[in-house]
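This report refers to the structure that appears directly beneath it.
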Amino acid sequence: MLDPKFLKPYDAQSSEGRIYSTWENSGYCNPDNLPHNRTEPFSIVLPPPNVTGTLHMGSALMLALEDMIVRYKRMQGFKTLWIPGTDSAAIATQARVEKNIQNAEGKSRYDLGREELLRRIDVYVESTKNIIIGQMRATGASLDWSRYAYTMDAERYSAVMHAFIKMYEAGLIYRGNRIVNWDPKGQTTISDDEIVYEERDAMLYTFTYGKEFPIPIATTRPETKVGDVAVAVHPSDERYAEYVGNVYDAVFCDVPIRITVVADHTVDREFGTGAVGVTPAHSLADWDIADRHNLQRPQVINEYAKMTVEGRLHGKKTTVAREEVVAWLRSEGLLITEEKIKHNVATAERTGGIIEPLPKLQWFVAVNKEFTRPDGTVDTLKEVMRRAVDSGKTTFLTERFEKQYRHWVENLRDWCISRQIWFGHRIPVWYQGDASKVQVTSPGEGWSQDEDVLDTWFSSGLWTMTTLGWPNDTEDLRTYHPTALIETGYDILSFWVARMILMSGFFLNDVPFKTVYFHGIVRDGQGRKISKSLGNNIDPVDLAAKYGMDAVRIALIMGMAPGTDSKVDENKIRGYKNFANKIWNIARFVLENTEGTDLTETHVFSAEDQEDLAALSRTVLDVTKHMDEYRVDLAADRAYHYVWHTFADEVIERAKPILKGTDAVAQRATAAKLYTILTTSLKLLHPFMPFVTEEIWLALPQKDAELLLIAPWPKSAIQ
RNA sequence: GGGCGAUUAGCUCAGUUGGUAGAGCAGCGCUUUUACACAGCGAAGGUCACAGGUUCGAGUCCUGUAUCGCCCACCA
């Protein structure tokens with residue numbers, strides 16, 4: 001008897017939760033439970049969504065894409081593992097909890113103290129994490145929840161500590177004064193990605209340091225010039241060649257300075273006067289010049305953006321000092337020109353404060369420093385990152401991102417890994433006076449731990465390893481690392497992918513993944529990036545309630561080539577809801593007309609039947625090929641068109657008169673053919689639309705697996 | 001400023017080694033035929049941004065132009 005559920009249109013809402021539980025309870029998302037003694041592994045580690053967040057379209061796309069690939073591989077017989085996790089999102093989470101406490105109790109983090117704040121954050125995370133986890137389940141993601149990891153759980157925490165100590169022991173982590181982005185307003189350093197550049201009007205002043213000084217230079221920040229130690233010119237600039245190597249003394253606005261003329265290839269001959277006043281302590285580029293020419297690095301501005309030099313500028317704010325210096329230059333007759341220019345000013349995203357580049361004691365990972373591996377070979381981290389791609393061990397699915405990656409690696413400088421917040425992996429270094437010890441626990445009375453925590457990308461870089469049990473030599477790590485694929489948004493290229501390659505390259509001397517798949521950014525109907533500040537977030541879970549998650553999933557990936565952006569269009573989703581119903585009705589028709597057909601008997605297929613089965617075979621071949629190349633969009637498109645426009649519109653329509661006719665042999669053959677095409681189609685569609693296909697599969701009278709989740713992927717008769 | 005892309009039907013986008021252009025949605029006409037109106041059938045719609053070049057042949061390769069966008073650097 002036909003299951004009465006087919007008498008009504010497909011109702012996604014009543015199916016999805018139940019179907020997901022069926023999958024989860026089956027245990028098959030854990031590769032240890034998969035049938036048929038599988039040996040060849042296929043693994044993906046999910047880029048962990050923010051633990052306190054809600055699912056947005058970007059994560060829904062990521063989950064859908066990865067689930068499609070994972071389901072395909074699982075059906076193909078791979079020992080398939082997909083590890084779920086959540087990310088602590090340190091800066092964002094701490095900021096939110098601080099804000100909540102400020103609003104509710106009027107207290108700052110300093111009122112609470114470090115320990116109490118961290119306790120509050122844990123409580124908050126614990127109370128919100130089920131939202132995101134529930135939403136991840138709602139997408140149908142066939143994740144192995146038994147291996148769930150959180151970036152701040154005990155296992156991951158101790159792995160991160162281990163990593164820090166090992167890299168320190170290898171001489172790759174050091175503490176040093178470097179120019180950092182200091183936010184005088186927030187009294188903290190901030191990372192490059194938290195900087196917002198604002199275009200503002202500025203005055204470009206051209207002047208010389210003193211009457212005897214032969215080379216004019218230009219600046220928008222005259223007050224920093226009291227910290228100058230050199231003037232840099234291009235090595236092949238004839239205008240200044242005769243001065244290179246000369247040293248000049250001057251008293252600049254009450255401050256004695258000594259300027260050496262140096263030749264440096266980074267200088268742009270065309271800009272300004274073609275000569276740069278080098279202020280090592282207050283400009284990143286100048287710091288590097290000072291590095292190359294062994295120059296002093298006097299600091300003239302402090303953490304409050306006030307001048308520290310003696311004389312008339314002492315204690316003044318930089319903006320006030322600027323006026324003062326300009327007035328002095330003018331009165332001394334040293335000012336040559338003033339020119340109004342447009343100028344990008346770096347400001348802090350969170351506080352709006354103007355970034356002051358300052359030298360500060362920070363922890364760094366040295367990317368160009370040589371280290372020796374246990375086997376005696378010498379390597380550098382930058383070389384590791386280069387080699388991963390050059391060797392072909394890691395390949396980028398989209399070529400242009402490989403170029404971008406190489407470009408990024410070539411320009412990489414030492415990586416500043418300390419952050420001045422409280423929530424995160426705290427730097428395992430202890431101080432007592434001038435002594436320091438690098439270890440996880442306190443060396444004893446009188447020692448105090450470094451206040452800073454690690455950059456979130458330090459721990460994220462270890463993610464493929466720590467989720468598999470590293471630093472322990474686990475069965476999982478041996479089996480599933482390197483992972484097959486990393487799949488993430490291309491906006492995260494430099495931050496994450498490169499750091500994972502770095503970490504795996506250092507610790508395991510291997511790549512973290514074989515293929516890098518970047519999906520595009522999901523934009524709103526107007527092509528804008530989805531963001532909280534625009535308030536244009538469309539909740540994929542809401543859309544799924546309306547159209548079904550299958551429709552949302554396939555709409556997100558259809559037509560989305562790797563690396564290209566897409567827009568969320570509700571009409572598109574509605575179209576695929578109709579498709580889900582189409583599949584439903586195809587199943588109803590086939591099941592109604594094939595009841596009692598024995599598929600084990602040998603049928604006499606007509607020429608037309610054989611052609612229909614050949615078309616099915618070609619479809620299997622194409623979908624398989626596309627999936628093997630991770631072209632999920634093309635695979636889904638092929639399956640979709642076959643099922644709707646060949647199977648439904650042609651094969652079924654032609655079958656109707658035969659099924660109503662009197663030729664019993666042809667009837668049985670037709671029924672068998674339809675049933676074969678139905679079951680194969682369900683398999684082809686299952687990665688993309690898992691819920692509706694599984695719901696139908698459960699009602700099938702004859703099948704080769706209890707669940708479509710683990711049904712064998714069809715083989716094409718055509719090779 | 002350096003690097004990298006995009007420009008194809010009204011809208012959103014595919015088009016995998018060069019061989020007479022495709023889908024979804026919207027729109028038009030017809031059809032309520034027991035799988036499905038969340039449907040079917042049919043028609044329409046594009047000098048593939050522009051200008052050159054290579055080729056028997058270019059949406060596809062090369063050069064240039066225009067517009068839009070992304071990444072990096074931030075500029076003295």
Side-chain angles (χ1 to χ4, degrees), chain A residues 2 6-10 12 192 195 197 199 202 204-206 217-222 224-225 228 231-233 266-268 270-279 282-286 289 341 343-346 357 398-408 410-413 490-491 493-494 520-521 523 525 527 529 547-548 551 554-555 558-561 563-593 625-626 629 631 633-634 636-638 640-641 644-645 648-649 652-653 655-656 659-660 674 678:
Chain A
L2 180 72
F6 286 108
L7 297 177
K8 285 183 289 189
Y10 173 62
D192 290 343
I195 291 179
Y197 287 98
E199 193 178 84
L204 182 68
Y205 303 95
T206 305
I217 59 162
T219 184
T220 54
R221 300 200 55 190
T224 65
K225 299 289 105 181
D228 281 16
V231 163
V233 298
T266 60
V267 177
D268 177 0
E270 307 305 320
F271 189 89
T273 62
V276 183
V278 180
T279 323
H282 300 287
S283 153
L284 192 56
D286 293 3
I289 293 176
I341 58 162
H343 180 75
N344 275 339
V345 176
T398 318
E399 205 180 328
R400 72 174 214 265
F401 291 122
E402 184 179 319
K403 289 183 192 164
Q404 206 167 297
Y405 172 85
R406 286 178 192 280
H407 189 248
W408 187 84
E410 288 316 312
N411 292 312
L412 191 64
R413 57 181 76 244
Y490 62 70
D491 48 337
L493 169 73
S494 46
I521 291 172
R523 296 174 182 278
K529 212 167 164 173
Y547 302 108
I554 198 165
M558 196 69 99
M560 192 187 205
T564 57
D565 293 353
S566 71
K567 295 180 185 176
V568 181
D569 181 358
E570 205 165 324
N571 281 327
K572 190 175 177 186
I573 298 173
R574 189 181 299 120
Y576 291 112
K577 173 187 187 284
N578 296 351
F579 180 53
N581 194 51
K582 188 77 183 181
I583 303 168
W584 188 251
N585 282 296
I586 289 170
R588 173 181 169 180
F589 177 84
V590 173
L591 292 179
E592 272 176 347
N593 286 284
K625 181 174 147 279
H626 289 314
E629 292 167 356
R631 287 305 301 267
D633 54 323
L634 298 180
D637 193 62
R638 184 75 172 90
Y640 168 85
H641 280 102
W644 198 320
H645 299 300
D649 292 348
I652 288 182
E653 290 307 319
K656 282 178 183 175
L659 293 168
K660 279 189 211 147
L674 290 178
L678 173 66

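Order of the sequence lines sets the chain letters (A, B, ...), proteins ahead of strands, with each chain counted from 1.
- We find that CH2 of W644(A) is positioned 7 Å from P of C25(B), with the value rounded to whole Å.
- Separating the CZ atom of R574(A) from the C1' atom of U12(B) is a distance of 15 Å, rounded to the nearest angstrom.
- Using Watson-Crick or G-U wobble geometry with both donor-acceptor distances under 3.5 Å, A39(B) finds its partner in U31(B).
- For the C1' atoms, the distance linking G29(B) with G46(B) amounts to 22 Å, nearest Å.
- A 3.5 Å limit on both hydrogen-bonding distances identifies no Watson-Crick or G-U partner for U16(B).
- For V276(A), taking side-chain heavy atoms from C-beta onward, the closest of the listed nucleotides A35(B), C74(B), A76(B) is A76(B).
- A58(B) is unpaired under the criterion used here, namely a Watson-Crick or G-U wobble arrangement in which both key atom distances are under 3.5 Å.
- Side-chain N/O atoms of T220(A) include one lying less than 4.0 angstrom from OP1 or OP2 on A76(B).
- Nucleotide U47(B): unpaired (no Watson-Crick or G-U wobble partner with both distances less than 3.5 Å).
- For K582(A) and A39(B), a side-chain-to-base donor-acceptor distance below 3.5 Å is absent, hydrogens and geometry of angles not being considered.
- Listed candidates were U16(B), A76(B), C41(B). Nearest to the side chain of D649(A) is C41(B).
- Pairing for A6(B) goes to U67(B), judged as Watson-Crick or G-U wobble with the two contacts each under 3.5 Å.
- If you take atom C1' in A49(B) and the same atom in G5(B), they sit 15 Å apart, rounded to whole Å.
- Classification of the Y640(A)-H645(A) ring pair by plane angle, with boundaries at 30° and 60°, yields perpendicular.
- Considering only side-chain atoms of N585(A), the nucleotide from C74(B), A23(B), A35(B) that sits closest is A35(B).
- Between R413(A) and L284(A) there is a side-chain heavy-atom pair separated by less than 4.5 Å.
- Toward the 5' end of RNA chain B, the nearer of the two residues H645(A) and N593(A), judged by each one's closest nucleotide, is H645(A).
- Remark: G24(B) base-pairs with C11(B). Criterion, Watson-Crick or G-U wobble with two distances under 3.5 Å.
- Distances shorter than 4.0 Å separate some side-chain N or O of R631(A) from OP1 or OP2 on G15(B).
- For the C1' atoms, the distance linking C38(B) with A43(B) amounts to 24 Å, nearest Å.
- Atom C1' of U55(B) sits at a distance of 38 Å from the matching atom of G1(B), rounded to the whole Å.
- A76(B) is unpaired under the Watson-Crick or G-U wobble criterion, no partner having all donor-acceptor distances under 3.5 Å.
- For the P atoms, the distance linking A9(B) with G42(B) amounts to 24 Å, nearest Å.
- Between C11(B) and U7(B), the two C1' atoms lie 16 Å apart (nearest whole Å).
- Rounded to whole Å, the C1' atom of U47(B) lies 14 Å from the corresponding atom of A58(B).
- Of the candidates C36(B), U16(B), C38(B), the closest approach to any side-chain atom of N578(A) belongs to C38(B).
- Along RNA chain B, the nucleotide nearest to D633(A) and the one nearest to E653(A) differ in position, and the one closer to the 5' end is contacted by D633(A).
- Spacing of C1' atoms, C74(B) relative to G3(B), comes out at 15 Å, to the nearest Å.
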